[in-house]
Every structure is written in structure tokens, then in C-alpha cells.
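This report refers to the structure that appears directly beneath it.
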Amino acid sequence: QEYLVESGGGLVQAGDSLTLSCVFSDASFKNYAMGWFRQAPGKEREFVGTINWSGSSSYVTVSMKDRFTITRDNAKNTAYLQLNSLKLEDTAVYYCAAAAKKGTQYSVYDYDYWGQGTRVTVSS
């Protein structure tokens, strides 16, 4: 059974940056596309972005693409979500997910494994 562990969340001020990490359980990581989602209090889970198995293709949702970047390091079995210029509305629990497919995946239903989430709180 695969598993994912996120880290890197915390309390930051508006305008700050954070890097979230998502460690996959084993070296089969390179066989999975990865995704990031977030869920704000009282709201539904929201797609943030995705990256393909090799890292050669990634996508961040339009409203966030100027501030957020997704990367991966297959040698470390780790995916990353770089958050820049954080805003109050970025406050949420951020989840990484793994899909047993090579290409980028855009729907929550495409993903097979989920991490426990890491909380990001942005204050003014």
C-alpha cells in the first residue's frame, strides 16, 4: 500500500512564501502523476495543479499559476508545491495525491492515493 506524507505548512504573513513537500512511500513514485489540492474551511476541495511522471509537464490552475509552482524530484520520491506571494485566501489544508498514470491529471477522481494534508494559514 502506497502512502504520501506532506510537510511544510505553517502560519505565515501575507506576501510570504512556503514550500510544501510530499514524500511518496517508495521508488515506484516515478510511475505516478502527482497533484495538489486544497480545502479551505467550509469549502469543497479545490484543484491546485498537477505534474506528470517525469516532471516535464505541469499545470497550475489559472488563478494561481502566477504564484504557485509544482515540481518533483524522482530521485527523492518527492513532489513540491512552491507558494509565493501568499494571500489571506490561500489559507487552507493542502493535500498531495498520486495517480497511477503517467500524464497530468485534473480531477480528484483520477487520484489513487492521498496524503493527510498540511495546513497553511496566512495572516494579515
Side-chain angles (χ1 to χ4, degrees):
Q1 182 73 16
E2 316 297 359
Y3 62 86
L4 307 169
V5 179
E6 300 106 331
S7 62
L11 174 63
V12 297
Q13 291 190 324
D16 285 352
S17 297
L18 276 177
T19 301
L20 307 184
S21 299
C22 173
V23 179
F24 193 84
S25 53
D26 58 50
S28 64
F29 175 68
K30 61 182 181 294
N31 297 322
Y32 289 81
M34 298 296 294
W36 286 93
F37 295 78
R38 70 183 185 182
Q39 189 163 15
K43 295 188 176 181
E44 293 189 354
R45 193 164 296 191
E46 177 184 23
F47 173 74
V48 175
T50 177
I51 190 165
N52 72 341
W53 71 279
S54 67
S56 63
S57 177
S58 65
Y59 174 86
V60 175
T61 196
V62 170
S63 62
M64 306 173 202
K65 69 179 183 65
D66 292 336
R67 301 184 296 120
F68 296 177
T69 304
I70 296 175
T71 57
R72 65 188 294 159
D73 184 340
N74 285 353
K76 297 182 178 179
N77 300 337
T78 303
Y80 303 95
L81 177 63
Q82 177 68 36
L83 310 172
N84 295 328
S85 302
L86 283 161
K87 303 176 180 180
L88 298 179
E89 54 263 41
D90 294 321
T91 294
V93 177
Y94 285 73
Y95 298 89
C96 68
K101 303 176 181 68
K102 294 286 192 178
T104 51
Q105 305 296 321
Y106 298 86
S107 169
V108 65
Y109 302 106
D110 293 329
Y111 289 89
D112 302 288
Y113 302 102
W114 291 81
Q116 82 290 350
T118 186
R119 185 176 300 277
V120 174
T121 303
V122 184
S123 65
S124 59

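Fair warning: this is a prediction, and the values are worked out from it, not measured in the lab.
At distances below 3.5 Å, not a single donor-acceptor pair connects side-chain atoms of S56 with backbone N or O atoms of S54. Not a single donor-acceptor pair under 3.5 Å links the side chain of K43 to the backbone N or O of A92. At least one donor-acceptor pair under 3.5 Å links the side chain of S107 to the backbone N or O of Y109. When atom types are taken as modelled, the side chain of R72 and the backbone of W53 share a donor-acceptor pair closer than 3.5 angstrom. When atom types are taken as modelled, the side chain of N74 and the backbone of K30 share no donor-acceptor pair closer than 3.5 angstrom. Side chain of S58 to main chain of T50: no donor-acceptor pair is present (N/O by atom type, distance under 3.5 Å, no hydrogens or angles). Between the side chain of Y113 and the backbone N or O of F24, no donor-acceptor pair lies under 3.5 Å. In this structure a side-chain-to-backbone donor-acceptor pair under 3.5 Å is missing from Q105 to G35. Judged by distance alone, the side chain of S123 and the main-chain N or O of V12 form a donor-acceptor pair under 3.5 Å. With S25 contributing its side chain and E2 its backbone, the two residues share no donor-acceptor pair below 3.5 Å.
Checked against I70 for a side chain to side chain contact (heavy atoms under 4.5 Å, CB included), the options Y80, Y59, W36 give a single hit: W36.
In this structure, CG in L83 is found 7.5 Å from OG1 in T19, a value given to the nearest 0.5 Å. To the nearest 0.5 angstrom, F29 atom CZ is 8.5 Å from L4 atom CG. Taking CZ of R67 as the reference point, atom CG of D90 lies at 4.0 Å (rounded to 0.5 Å). In this structure, CD in Q82 is found 8.0 Å from CG in L18, a value given to the nearest 0.5 Å. Between atom CD of residue E6 and atom CZ of residue R119 there is a gap of 12.0 Å, rounded to the nearest 0.5 Å. Interatomic distance, Q1 CD to D26 CG, rounded to the nearest 0.5 Å: 11.0 Å.
With a 4.5 Å cut-off on side-chain heavy atoms, S17 and N84 count as touching. In this structure the side chain of M64 reaches within 4.5 angstrom of the side chain of V48, judged on heavy atoms.
Annotation: E44, atom CD; neighbour count of heavy atoms from other residues, nucleotides and ligands within 6.0 Å does not exceed 12. Atom NZ of K102 is surrounded by more than 12 heavy atoms from other residues, nucleotides or ligands within 6.0 Å.
Under 3.5 Å, the side chains of T104 and N52 contain no donor-acceptor pair of N or O atoms.
Residues satisfying the side-chain contact (heavy atoms from CB on, under 4.5 Å) criterion with V108, sequence neighbours excluded, are F37, W114.
In this structure, R38 forms no cation-pi arrangement with F68, as its terminal cationic atom is not both closer than 6.0 Å to the ring centre and no more than 45° off the ring axis.
Closest of all the heavy-atom pairs between A33 and Y111 is O-CE2, 4.2 Å. V5 and Q116 get closest at one heavy-atom pair: CA-OE1, 3.7 Å.
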